[in-house]
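Report on the structure given below.
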Amino acid sequence: MEGGVPGDVGDPPVTLAVSPQSFQGSHGRAYLFNSVVNVGCGPAEQRLLLTGLHSVADIFCQSCKTTLGWKYEQAFESSQKYKEGKFIIEMSHMVKENGWD
């Protein structure tokens with residue numbers, strides 16, 4: 001996924017973080033985002049995650065089809081409702097540019 005004009009096919013997902021709090025993804029550290037671009041969304045399915053039962057859909061890069069994380073479709077625990085409609089992207093799938101960690 002190489003750079004170009006934001007929104008070009010092949011660009012990494014451009015995202016805005018919801019919280020600086022780190023989350024646990026399937027393959028390590030992850031972050032919760034309000035929105036993402038250049039990603040596709042698979043079908044929703046129920047999964048028992050560390051924070052309870054959720055309905056989630058895997059999200060993937062539109063260009064290379066790599067699974068990046070998931071979208072929270074529905075949270076069944078009241079304390080987890082804030083995640084609905086938001087996205088988890090795992091750090092291992094983020095592109096490091098401009099020297100950020």
Side-chain angles (χ1 to χ4, degrees):
M1 297 187 304
E2 301 215 7
V5 176
D8 282 354
V9 173
D11 282 348
V14 178
T15 56
L16 298 175
V18 170
S19 166
Q21 178 184 1
S22 180
F23 286 77
Q24 182 65 37
S26 301
H27 301 98
R29 198 164 125 197
Y31 287 95
L32 185 68
F33 294 89
N34 282 321
S35 63
V36 295
V37 297
N38 298 329
V39 299
C41 196
E45 62 183 32
Q46 289 187 2
R47 291 186 195 155
L48 184 57
L49 303 175
L50 294 174
T51 55
L53 184 64
H54 295 79
S55 177
V56 299
D58 286 338
I59 58 172
F60 55 88
C61 172
Q62 290 278 50
S63 179
C64 70
K65 307 302 183 208
T66 298
T67 300
L68 302 171
W70 60 85
K71 178 181 181 185
Y72 286 102
E73 298 289 352
Q74 184 178 7
F76 297 101
E77 305 274 339
S78 60
S79 65
Q80 301 299 306
K81 292 285 188 186
Y82 73 96
K83 295 178 182 175
E84 290 182 345
K86 295 179 175 62
F87 303 84
I88 285 285
I89 295 184
E90 299 183 76
M91 284 292 294
S92 63
H93 299 299
M94 291 188 191
V95 175
K96 182 177 179 179
E97 292 182 12
N98 300 324
W100 57 270
D101 291 322

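For this chain, numbers begin at 1 and follow the sequence in order.
- Within the 4.5 Å cutoff, the side chain of K71 has no heavy atoms near those of the V39 side chain.
- In the hydrophobic clustering of this structure, V56 does not group with L53; members are Ile, Leu, Val, Met, Phe, Trp, Tyr whose side-chain heavy atoms approach within less than 4.5 Å, directly or through other members.
- The salt bridge (Lys or Arg N to Asp or Glu O under 4.0 Å) test applied to E77 returns no partner, not counting sequence neighbours.
- In plain terms, the two heavy atoms of F60 and L68 that are nearest each other are C-CD1, 4.0 Å.
- Taking every heavy atom of both residues into account, I59 and I88 meet most closely at CD1-O, 3.8 Å.
- Contact check for W70 versus L49: side-chain heavy atoms found under the 4.5 Å cut-off.
- Minimum interatomic distance between E73 and A44 (heavy atoms only, all atoms of both residues): CG-CB, 3.9 Å.
- Shortest non-hydrogen contact noted between A57 and G42 is CB-O, 3.2 Å.
- Contact record, C61 with C64: SG-N, 3.4 Å, taken as the closest heavy-atom pair.
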